Protein chains: 2
Amino acid sequence: MPKVGMEDIRRKSLISATLKTIQERRSIDIRVSDIARAAGVSSGLAHHYFGSKDRLILAALRHLLTDFRRLVLRRLAEADSPRQKLSALIASSLDETQFSDATVTAWLVFYAHAQSTPEARNLLRVYVRRLQSNLCYNLRPLVGNRAPEIAEMIGSLIDGLYLRQALRVEKADAAFARTLIENCLNRFLDTAPMEGQDHAV
Amino acid sequence: MPKVGMEDIRRKSLISATLKTIQERRSIDIRVSDIARAAGVSSGLAHHYFGSKDRLILAALRHLLTDFRRLVLRRLAEADSPRQKLSALIASSLDETQFSDATVTAWLVFYAHAQSTPEARNLLRVYVRRLQSNLCYNLRPLVGNRAPEIAEMIGSLIDGLYLRQALRVEKADAAFARTLIENCLNRFLDTAPMEGQDHAV
DNA sequence: TTTTTAATTGACTGGTCAATCAATAAAAAA
DNA sequence: TTTTTTATTGATTGACCAGTCAATTAAAAA
């Protein structure tokens with residue numbers, strides 16, 4: 001039933017069906033046929049467009065990351081000062097949709113998947129590094145050369161809150177998580193020496 | 001070849017073979033026959049003693065958790081003051097062996113596995129809750145009713161540092177991670193009001 | 001209209017693996 | 001010694017599933 005230009009539509013719907021299936025099954029151990037059914041097509045078509053299950057899964061990860069990046073950029077654009085940009089970075093990681101059960105589950109599943117899949121690992125590493133350098137860049141005017149350490153702290157806090165959110169039955173509120181990080185950050189800003197260092201890190 | 005009392009030996013060696021296999025493959029997607037080979041027995045024997053792959057994997061998780069708990073208790077016993085106990089809790093999570101590539105990988109793999117396996121999830125939740133209440137209990141004399149918030153922060157930091165360690169190629173030093181958390185904690189101790197609250201959390 | 005070409009299906013193949021089971025071996029108990 | 005009991009194996013079964021392929025449909029191009 002070929003209406004030309006279906007490819008793009010199918011690819012997109014297969015990719016979101018993949019995410020949806022991973023989220024519902026709470027695992028990466030899913031069948032291509034399930035994904036295809038969720039997208040309303042045959043399993044053959046999934047292979048036709050993506051070649052293999054692995055590549056389809058990578059495409060889904062890439063999609064998750066791109067979505068997130070879009071969110072970050074949008075929020076960053078609305079912020080003026082470094083301090084506001086820091087809040088924008090925190091807020092985009094811990095915005096209500098990102099901190100939802102489905103999204104958090106997907107992240108965790110992909111993180112684990114990346115352990116045994118070099119290409120997934122690289123994709124995630126890029127994302128981590130980008131967040132890290134964003135944080136660092138905006139921290140520098142505020143805390144000088146303690147920026148890398150504090151960036152690492154904030155980044156770890158975000159990831160840790162995700163991990164714990166994934167495990168919780170009664171999901172925590174995204175606002176709670178944001179406040180927690182902001183509080184922590186403020187502690188370092190209030191009293192932090194503008195330049196000059198104390199402990200090596 | 002029955003020398004009586006083999007059961008205990010086999011169970012133990014199958015459990016550590018399971019952990020080892022998960023760590024080597026960096027995945028929970030492993031074959032019973034691989035585990036058995038690593039333990040030097042047939043795959044039939046693994047089923048004989050554990051009934052199913054699932055139960056063997058749960059036993060491995062339980063073993064990881066018990067090992068960790070033993071470490072925590074040992075370190076706690078050596079600490080006298082609440083402040084020292086906090087450091088003991090941090091140090092046991094981020095001790096050199098716990099922060100090693102193999103261990104960190106196993107944790108991440110199990111965390112993801114727990115998303116789709118209720119029994120694994122419960123085991124991990126118990127571990128998180130126990131750490132949390134330990135932290136909280138020892139924070140209370142130092143920071144009053146901000147204890148829960150700060151405990152959540154430290155717990156999240158630990159988990160986040162694990163997650164990032166798992167992703168890194170050049171593994172970070174455990175001492176670096178400990179220092180980072182101690183620095184953060186100190187910020188809250190130095191200036192924290194003994195009682196009395198500011199923001200709701 | 002005829003031909004080409006993109007889209008799509010679902011049956012099929014081949015490989016993989018968890019779990020079972022009947023058989024065997026030898027220590028321990030009688 | 002004979003019998004029982006425990007330990008152990010590896011071949012086998014049955015289910016599952018990724019990926020392939022030949023066939024079909026209908027839009028688009030000629």
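Residue numbering restarts at 1 for every chain, and letters A, B, ... go by the order of the sequence lines. Predicted model only: the values in this text are computed from it and were never measured.
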Colleague: Return the nearest nucleotide to the side chain of B:Val4; candidates are D:dT6, D:dT8, C:dT8.
Modeller: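 So the nucleotide nearest the side chain must be D:dT6.
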Colleague: Go through D:dT9, D:dA7, C:dT9 for me and flag the one nearest to the A:Val41 side chain.
Modeller: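 For the A:Val41 side chain, the nearest candidate turns out to be C:dT9.
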Colleague: Can you measure B:Met6 atom CE to C:dA25 atom P for me and round it to whole angstrom units?
Modeller: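 Taking CE of B:Met6 and P of C:dA25, I get 19 Å after rounding.
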Colleague: Within this structure, what is the CZ-to-C1' distance between B:Phe50 and D:dA7, rounded to whole angstrom?
Modeller: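 That distance rounds to 15 Å.
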Colleague: Could you tell me whether the side chain of B:Gln165 and the main chain of B:Phe99 form a donor-acceptor pair under 3.5 Å?
Modeller: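 Yes.
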Colleague: Are the side chains of A:Arg146 and A:Phe188 in contact, using a 4.5 Å heavy-atom criterion?
Modeller: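 Sidechains of A:Arg146 and A:Phe188: in contact.
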Colleague: For A:Leu14 and C:dA7, give me the distance from atom CG to atom P, rounded to whole Å.
Modeller: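 After rounding, the reported distance stands at 13 Å.
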Colleague: Base, sugar-phosphate, or nothing for A:Tyr49, non-hydrogen atoms under 4.0 angstrom?
Modeller: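 Touches sugar-phosphate only.
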Colleague: Separation of A:Leu45 atom CG from C:dA6 atom P, in whole Å?
Modeller: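 Going from A:Leu45 (CG) to C:dA6 (P), I get 15 Å.
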Colleague: Nearest to the side chain of A:Ser42, which nucleotide is it out of D:dA7, C:dA7, C:dT9?
Modeller: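 The nucleotide sitting nearest to the side chain is C:dT9.
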Colleague: Considering just the side-chain nitrogens and oxygens of B:Arg10, establish if one lies under 4.0 Å of OP1 or OP2 belonging to D:dA7.
Modeller: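 Answer is no, no contact under 4.0 Å.
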Colleague: How would nucleotides 13-20 of chain D be written as a contact map, 5' to 3', with B for base contact, S for sugar-phosphate-only contact and - for no contact, using protein heavy atoms under 4.0 Å?
Modeller: ----SSBB
Colleague: Could you tell me if the side chain of A:Pro82 sits less than 4.5 Å from the side chain of A:Tyr137, heavy atoms only?
Modeller: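 A:Tyr137 vs A:Pro82: side chains apart.
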Colleague: Measure from the side-chain N and O atoms of B:Tyr162 to the backbone N and O of B:Leu94, and report whether any donor-acceptor pair falls under 3.5 Å.
Modeller: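 Between the backbone of B:Leu94 and the side chain of B:Tyr162 there is no qualifying donor-acceptor contact (under 3.5 Å).
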Colleague: Tell me whether B:Ser87 contacts the main-chain N or O of B:Gln84 through its side chain, where contact means a donor paired with an acceptor under 3.5 Å.
Modeller: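 Absent.
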Colleague: Take the protein atom CZ of B:Arg11 and the nucleotide atom P of D:dT6, then report the distance between them rounded to whole Å.
Modeller: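 Whole-Å distance recorded here is 15 Å.
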Colleague: Separation of A:Asp8 atom CG from C:dA6 atom P, in whole Å?
Modeller: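 Going from A:Asp8 (CG) to C:dA6 (P), I get 16 Å.
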Colleague: Provide, to the nearest angstrom, the distance between the CD atom belonging to B:Glu7 and the P atom belonging to D:dT5.
Modeller: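 Rounded to whole Å, this separation is 17 Å.
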Colleague: Heavy-atom distance under 4.5 Å between the side chains of B:His113 and B:Leu108, does that happen here?
Modeller: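 B:His113 does not reach B:Leu108 side chain to side chain.
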Colleague: Check the distance between C:dA19's P and B:Leu56's CG and give it to me in whole angstrom.
Modeller: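 Interatomic distance, CG of B:Leu56 to P of C:dA19: 10 Å.
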Colleague: Please determine whether a side-chain nitrogen of the Lys or Arg among A:Glu119 and A:Arg55 lies less than 4.0 Å from a carboxylate oxygen of the Asp or Glu.
Modeller: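 No salt bridge links A:Glu119 with A:Arg55.
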